[in-house]
Amino acid sequence: MHDEKALSTFFSEYMKRNPIFMDKSALKSSYTPDAIQHRDEQIHQVAQILAPCLRFEKPSNLFIYGKTGTGKTLTTKYIMRQILDIAKQNNIPLKTMYINCKLKRVADTEYRLIAQLARDCNLEIPPTGLPTDEVYKLFYAHVDKEKMLLVIILDEIDQLVKKIGDEILYNLTRINDELKNAQITFIGISNDLLFIEHLDARVKSSLSEEEVVFPPYNALQLQSILRERASRAFVADVIGEGVIEKCAAFSAREHGDARRALELMRVAGELAERKGHVKIELHHIDLAQEKIERDWIQETVLMQPKQFQTTLYAILTLYQTRKDTLFTGEIYDLYRKLCRQVSLAPLTQRRISDVIAELDMLGIINAKVISKGRYGRTREITLAAADATLQGMQSLLEDALNLK
DNA sequence: CGAGATTCATGTGAAGTATACCTTTAGGCTTAA
DNA sequence: AAGCCTAAAGGTATACTTCACATGAATCTCGTA
């Protein structure tokens, strides 16, 4: 039982505590700093490629590569913002659009991608029903109403192409031929460095007129980025000895992902603050690491359709009873049983095979096709996350599916 | 003993189906002249 | 007669199913040393 007094004591205690954060947003991934560190070369290249905008000439299409968290999106948005500013001052009609192609049910098919672009122009596009060309036409018509330059940023485009093939890129580059007034420049952002190699030659030459590569940050660079942001985000002297170094090291190991490093910092700070500690210490980072993993999994899992959740639950349950690699067949059997319990129409094994592949793509499970010789071939499924995380995921799914 | 055939359990591609949603069109009803 | 509403017809995207064939190494078979 909570009485009024206890609550008010809590609040007054809370007020007395020294805050740790000054401006938490500086550590969020949406934050765009005034200056970007260690990307001088890339900024210079990208700026040079996009600069023709300011003379109202269409810049070349651009392709940007780099692992996650190497500043691709940040740099691109940063430069675009500057260019937009200057363009505005000089009355140059320039617009940009940003689309993340990975987002499920937003831009993960050709139709949905164009539809999303068209919606960005305030056009009403239904989720299904229209022919794809029709949406293209609506989009052209809107864009082509006046003379202008349009820069479309397609983030994580490798994911989309992996899923539905490269024809879409061909269609996109063809848009310019249809336009009389406006001109479109595409900026493709890819995490996969080999991506362009697998493309059709025509697409390759037209979409990738220019290329810029973003190398990963090393531990030292991560440290200086962290220090810079931390000085904005935190009150002075709340960061314990070696904390920054540890965050940097953690992320440097994961191919120099700055986004991760910053998130780690932020969550560590939040945890410290919630516990009423005055300083962020090393152990907060370990806790933060776990929390981030848990939160990510929770968010991802809950976003999935019921069928995916059920499949995943089957995998988890099997894994609990037998900590070993699992195979498609046994998962499917259990899945069917679960479907009856949850009163869900079971999908065919063919479909579940694809579902498992998608769960693998999401990074929730690891699945690999192997041949067991005489005993057929199957997917070999393993789970990488810590046991505690798996437990959490399982009970989460029990709730979501209304089991037990 | 070893090369080649066999086998199993499922992967994978293509084509078909169900569903949800779209536009167009034609008919019927209302309304105003 | 013109205008408006509605329902049917015809079309699309997506998620899923059905069908049929592809895989690939452990195991089996059989000829040979």
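Numbered from 1 within each chain, the chains take letters A, B, ... in sequence-line order. The analysis underlying the following values was restricted to heavy atoms, covering all of them including side chains, and did not include hydrogens, waters or symmetry mates.
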Practice item. Answer with yes or no after comparing the ring centroid distance for A/F214 and A/Y65 against a 6.0 Å cut-off, counting only values under it. Key: no
Review point. Just how far, in rounded Å, is P of C/dT23 from CZ of A/F327?
Key: 22 Å
Review point. Are the side chain of A/S205 and the backbone N or O of A/R202 linked by a donor-acceptor pair below 3.5 Å?
Key: yes
Review point. Hey, does the side chain of A/R350 come within less than 4.0 Å of B/dA15's phosphate (OP1/OP2), counting only N and O?
Key: no
Point to revise | Derivation of the side-chain hydrogen bond (donor to acceptor under 3.5 Å, both in side chains) call for A/E293 and A/Q289 | key: CA-CA 6 Å; A/E293 187 176 84; A/Q289 170 80 16; 5.6 Å; no
Review point. So which nucleotide from C/dA13, C/dC16, C/dG24 ends up closest to the side chain of A/Q307?
Key: C/dC16
**Study point:** Criterion side-chain hydrogen bond (donor to acceptor under 3.5 Å, both in side chains) against A/N191, the qualifying member of A/E156, A/H255, A/Q159
**Key:** A/E156
Exercise for review: Give a yes/no on whether any side-chain N or O of A/T128 is located under 4.0 angstrom from OP1 or OP2 of B/dA20.
Suggested key: no
**Study point:** Test item: side-chain donor near acceptor, A/D23 and A/S25, under 3.5 Å
**Key:** yes
Review point. From B/dC8, B/dA14, C/dC16, pick the nucleotide closest to the side chain of A/R374?
Key: B/dC8
Exercise for review: Between A/R112 and A/P131, name the one whose nearest nucleotide on DNA chain C is closer to the 5' end.
Suggested key: A/P131
Check your understanding: Once you round it to whole Å, what is the distance between P of B/dT10 and NZ of A/K368?
Key -> 18 Å
Revision key, fill the gap. When rounded to whole Å, the CD1 to P distance for the pair A/I356 and B/dA9 reads 17 Å
Revision key, fill the gap. Whole-Å distance, A/Q349 CD to C/dC16 P, equals 16 Å
Check your understanding: Rounded to whole angstroms, how far apart are CD1 on A/I370 and P on B/dG11?
Key -> 10 Å
Practice item. Give one of base, sugar-phosphate or nothing for A/P305, where a contact means two heavy atoms less than 4.0 Å apart. Key: nothing
Revision key, fill the gap. Taken to the nearest whole Å, CG/A/D108 to C1'/C/dT14 is 10 Å
Exercise for review: May I ask you to verify if any side-chain N or O of A/T132 is less than 4.0 angstrom from the OP1 or OP2 atom of C/dT12?
Suggested key: no
**Study point:** Under 4.0 angstrom between A/Y375 side-chain N/O and C/dT27 OP1 or OP2
**Key:** yes
Review point. So, is A/T109 close to the C/dT14 phosphate, meaning a side-chain N or O under 4.0 Å from OP1 or OP2?
Key: yes
Exercise for review: Return the value, rounded to whole Å, for the distance between atom CD of A/E380 and atom P of C/dA26.
Suggested key: 13 Å
**Study point:** Atom-to-atom span, CD1 of A/I352 to P of C/dA15 - whole angstrom
**Key:** 15 Å
Review point. Quick one: is B/dT17 close enough that its OP1 or OP2 comes under 4.0 Å of any side-chain N or O from A/R351?
Key: no
